[in-house]
Amino acid sequence: MKLILALCALVALSECLRVPLIKGKTVREKMKEKGLWEKFRKTFPYNPTVKFVQDGTESLTNDADLSYYGEISIGTPAQTFTVIFDTGSSNLWVPSVSCSDEACQNHNKFNPADSSTFQNASEALSIAYGTGSMTGYLAYDTVTVGGISIQNQIFGLSETEAAFMASMTADGILGLAYQSIASDDATPVFDNMESQGLVSEDVFSVYLSSDEEEGSVVIFGEIDSSYYTGDIYWIPLSSETYYQITMDSVTINGETVACSGGCQAIIDTGTSLIVGPSSAISNINSVVGATTDEYGDAIVSCSSIQSMPSVTFTLNDYTFTIPASSYVSETSGSCITGFSGSSDSLWILGDVFIRNYYTIFNRENNSVGLAQLA
Ligand SMILES: *[C@@H]1O[C@H](CO)[C@@H](O)[C@H](O)[C@H]1NC(C)=O
Ligand SMILES: *[C@@H]1O[C@H](CO)[C@@H](O)[C@H](O)[C@H]1NC(C)=O
């Protein structure tokens, strides 16, 4: 650890322990461009919380709106992959050379035979998605994230992948949530960073820029004061599974529009929208002036963004207010809100929320910190 930190200090500390993220096109955007979206949505109705359905084989991210990804490497010598840094799941997996599905054709694939540090765990892995599944096996190897090499990291290698993954920009997923929800109880990457003494503080933080190419970052082991201004507002976790917290209410112009009396929410970098129970979300969408189309997208006129109200989320008595310019997005000329309904009672504060704050995941005292962007 000392050696790594010393080397980083020589190179420039800011280059170490952090991974720049790129905001890529989502499956939704890619399919819309190709004119395939309506057909896809008819076949697979929107169900963003499907990743949270626990059925023994943990369900992960199926969301058509995953977008922020960064680079990691696995093996000796290093093989490079792009992965979604997902605080809503806990496993790391990438495609393997034994996968011949369409989704594996246009992604980087790990070749165990090319890595001298590879060890097979010889344990099957299966992750169910709303639109199909990923199956494969677990293995151990050196995984390098943000310049830090983690020894003997357990990770998944896919042998089959669902067709929709062909439209995913990233090769795989790196889960940053707790081991308690990891498939096959695999030790997550951040837990190994801690136990191998690779991070000086038991925290990681995320800044998601609206800029497609620049600025977004995951920082491991420190809170970087250059990303925020004012106080950090700490919210204790209500469950150490996802980064789950208690939300007090959702209000618009001082009126409660959802989550009256409190509700549970998770802070999830791996979901792009703000998701809540259907009736609550319909209420928010109708108060902001959106109409829901047959695919469940909440449409607004792009020209009315300036007159739409802000939406306020109260967490641990602190208020976090998201303006319309931030919760409405434009894709191929049409505007949709970032509020999406699901059949689950759990709320997901995804990228639409996280983009507004420097977000700290504090594992030392199991809390999430939110601070105003610098
Ligand atoms: C690792 O083990 C799994 C399950 O036992 C097997 O299917 C796979 O082919 C093995 N991979 C290598 C590279 O040996
Ligand atoms: C967690 O730690 C931070 C930073 O040390 C501290 O300011 C905060 O009050 C703590 N939060 C909780 C919920 O204990």
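In listed order, ligands and their atoms are each counted from 1.
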request  = Between S122 and ligand 1, find which residue part has any heavy-atom pair under 4.0 Å and reply side chain, backbone, both or neither.
outcome  = both
message = Taking ring-ring contact (aromatic ring centres under 6.0 Å, His included) as the cut-off, I'd like each qualifying pair that reaches into residues 170-199, sequence neighbours left out, listed once.
response = Y178-Y243, F190-F204
key: With sequence neighbours excluded, residues passing ring-ring contact (aromatic ring centres under 6.0 Å, His included) with F155   = F110
Distance-only side-chain donor-acceptor flag, N192 / T187, under 3.5 Å = no
task = Name all residues meeting the side chain to side chain contact (heavy atoms under 4.5 Å, CB included) criterion together with Y233; count only those two or more places apart in sequence or in a different chain, and write none if there are none.
result = D231, Y318, F320
ask   = Under 3.5 Å, N or O to N or O, is E123 touching ligand 1 that way?
value = no
Atoms in ligand 1 flagged as close to P112, the criterion being non-hydrogen separation under 4.0 Å = 13 (C)
query = Are Y327 and R355 linked by a side-chain donor-acceptor pair shorter than 3.5 Å?
reply = no
Extract all N/O-N/O pairs under 3.5 Å that connect ligand 2 to the protein, and present each with both atom names and the distance rounded to 0.1 Å.
| residue | atom | partner | partner atom | Å |
| --- | --- | --- | --- | --- |
| ligand 2 | 2 (O) | N362 | ND2 | 3.4 |
| ligand 2 | 2 (O) | N365 | ND2 | 2.4 |
| ligand 2 | 7 (O) | W234 | NE1 | 3.2 |
| ligand 2 | 11 (N) | N365 | ND2 | 3.1 |
| ligand 2 | 14 (O) | N365 | ND2 | 3.2 |

Identified side chain to side chain contact (heavy atoms under 4.5 Å, CB included) partner of Y68 from the options V217, T269, L208 = L208
inquiry  = Whether D171 and K109 form a salt bridge (side-chain N of Lys/Arg under 4.0 Å from carboxylate O of Asp/Glu) is what I want to check.
reply    = no
